[in-house]
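One-based numbering, in listed order, for ligands and for the atoms of each. We count residues from 1, following the sequence as given.
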Amino acid sequence: MSDAPPRLGFDTLAIHAGQDPDPLTGAVTVPIYQTSTYKQDGVGGLRGGFEYSRSANPTRTALEESLAAIEAGTRGLAFASGLAAEDSLLRAVCRPGDHVILPGDAYGGTYRLVARVLTKWGLEYTPVPLSDLTAVHAAVRENTKVIWCETPTNPLLGIADIAALAAIAHAAHALLVVDNTFATPYLQQPLALGADVVVHSTTKYLGGHSDVVGGALVCRDAELGQELMFHQNAMGAVPGPFDSWLVLRGIKTLGVRMDRHCENAERVAAFLLDHPAVEQVFFPGLLEHPGHDIAARQMTNFGGMVSFTLRGGEEAALKVCELVRLFILGESLGGVESLIEHPGRMTHASVAGSPLEVPDNLVRLSVGIENVEDLLADLAQALA
Ligand SMILES: *Cc1c(COP(=O)(O)O)cnc(C)c1O
């Protein structure tokens, strides 16, 4: 399917790209090729191009073709986690002494990777609020190699203008990297908007069932794709066949899951907006959200993440996290079940005291695909 000339619809690609039925058995589902190595027919005589599963494994290859198709890129690459993908990417495209622009409210793990690991290797960075294009422009230096974009951001659901950032990056001969974990390719196609590389934590919506940790890179330029593939093999942070299979299975239902996530999140945001215990609601679908117009332009819907602050301060925020019954208190996001967390003490504890510190009365919801009336009733009793 991968070289079919007419561009198929998103859900069709999600179900079929890279996943032709097995020619030997007719198996409709791509098998889990649980093997590390492959028999050679004579020295160097490879069947189907596979020689060792760090370099390539058929289950992973199916996932990588699926990723490339759904993000409309030339090459998809799967990794053992989102951070493994980020580390491999940054060390492939940057050299010691290069500079990276990070979002002012970057995912905590991305910030930690750059600030605490890659600075030791010689990388320089500047955190900038990406919604302020003048500030981004001003932060560009001679040695800027990458502008790193997240939109919507975690946990404050800030919106950045991908096309405008691509123009700034390209004028500076830098790459625009977009972490598309929150939006997913179903809602937002960064490569079509000018981004060079898309990053995913497939742990989240692509996997979709909170049962696997994984990451991905998809790029537009074939030459860069070769370079990244070289680093994927040379650095070795690859996922196993079973984890690849789980992500591949999750992707098949991404579209229908996202429709429900978006619908439920919109209802939850409207409910919170009207609640007297709530101070502020962060959701790009709200007209009063500062990034609403850009989100409406570059996304097909507003996603399943909703954050809010409480009038009662940190104490009230922690109490809601404990009083919910259906929302599960836990890190991560993007699974079918609704999750709740306190970013200040949980996902974003690693950025405490840094410029990326989040408000202590903030609560983040990953709105699942349960019946929305049950979710609203749960929040109502927890906020009462
Ligand atoms: C979870 C997450 C990551 C990191 O991915 P892992 O799979 O946990 O390594 C990166 N970016 C965003 C936006 C995330 O939510």
J.: So if I count the atoms of ligand 1 from 1 in the order they appear, which ones are less than 4.0 Å from some heavy atom of Ser201?
T.: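 Counting atoms of ligand 1 from 1, those under 4.0 Å from Ser201 are 1 (C), 2 (C), 3 (C), 4 (C), 5 (O), 6 (P), 7 (O).
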J.: Tell me the protein heavy atom at minimum distance from atom 4 (C) of ligand 1, and give that distance in Å.
T.: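 For atom 4 (C) of ligand 1, the nearest protein heavy atom is Tyr107 CE2, 3.4 Å.
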J.: Just to be sure I'm reading this right: ignoring hydrogens, which of His200, Lys204, Glu86 gets closest to atom 15 (O) of ligand 1? Compare them by their nearest heavy atoms.
T.: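 Closest candidate by heavy-atom distance is Lys204.
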J.: List every atom of ligand 1 that sits less than 4.0 Å from any heavy atom of Leu83, numbering the atoms from 1 in the order shown and giving each element.
T.: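 Listed by number with element, the hits are 5 (O), 6 (P), 9 (O).
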J.: Evaluate the criterion side chain to side chain contact (heavy atoms under 4.5 Å, CB included) for residue pair Arg91 and Trp121; output intermediate values, then yes/no.
T.: CA-CA 9 Å; Arg91 287 198 283 154; Trp121 177 76; 3.9 Å; yes
J.: Using a 4.0 Å cutoff against the non-hydrogen atoms of Gly214, which atoms of ligand 1 qualify?
T.: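 So the atoms of ligand 1 that pass are 7 (O).
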J.: Counting C-beta onward and ignoring hydrogens, is there a side-chain heavy-atom pair between Phe302 and Cys262 closer than 4.5 Å?
T.: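 No, every pair of side-chain atoms sits at 4.5 Å or beyond.
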J.: Here's one to test your reading of the geometry: is the NZ or CZ of Lys204 within 45 degrees of the ring axis of Tyr107 and under 6.0 Å from its centre?
T.: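 Geometry flag: set, cation within 6.0 Å and 45°.
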J.: Tell me: protein heavy atom nearest atom 13 (C) of ligand 1, and distance?
T.: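 Going by distance alone, atom 13 (C) of ligand 1 is nearest to Asp179 OD2, 3.3 Å.
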J.: Tell me which protein heavy atom sits closest to atom 6 (P) of ligand 1, plus the residue, atom name and distance to 0.1 Å.
T.: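 Protein heavy atom at minimum distance: Gly82 N, 3.3 Å.
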J.: With no hydrogens and no angle check, is any side-chain donor or acceptor of Thr119 less than 3.5 Å from a backbone partner on Ala115?
T.: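 Confirmed, Thr119 side chain pairs with Ala115 backbone.
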J.: Taking the side chain as everything from C-beta on, heavy atoms only, tell me whether Leu310 gets closer than 4.5 Å to Glu279.
T.: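 Of all side-chain heavy-atom pairs linking Glu279 with Leu310, none is under 4.5 Å.
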J.: Please confirm whether the backbone N or O of Gln19 pairs with a side-chain atom of Glu65, one donor and one acceptor, at under 3.5 Å?
T.: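 Checked: no pair found.
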J.: Out of all atoms in ligand 1, which are within 4.0 Å of some heavy atom of Thr203? Include the element for each.
T.: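 Every atom of ligand 1 under 4.0 Å from some heavy atom of Thr203: 7 (O).
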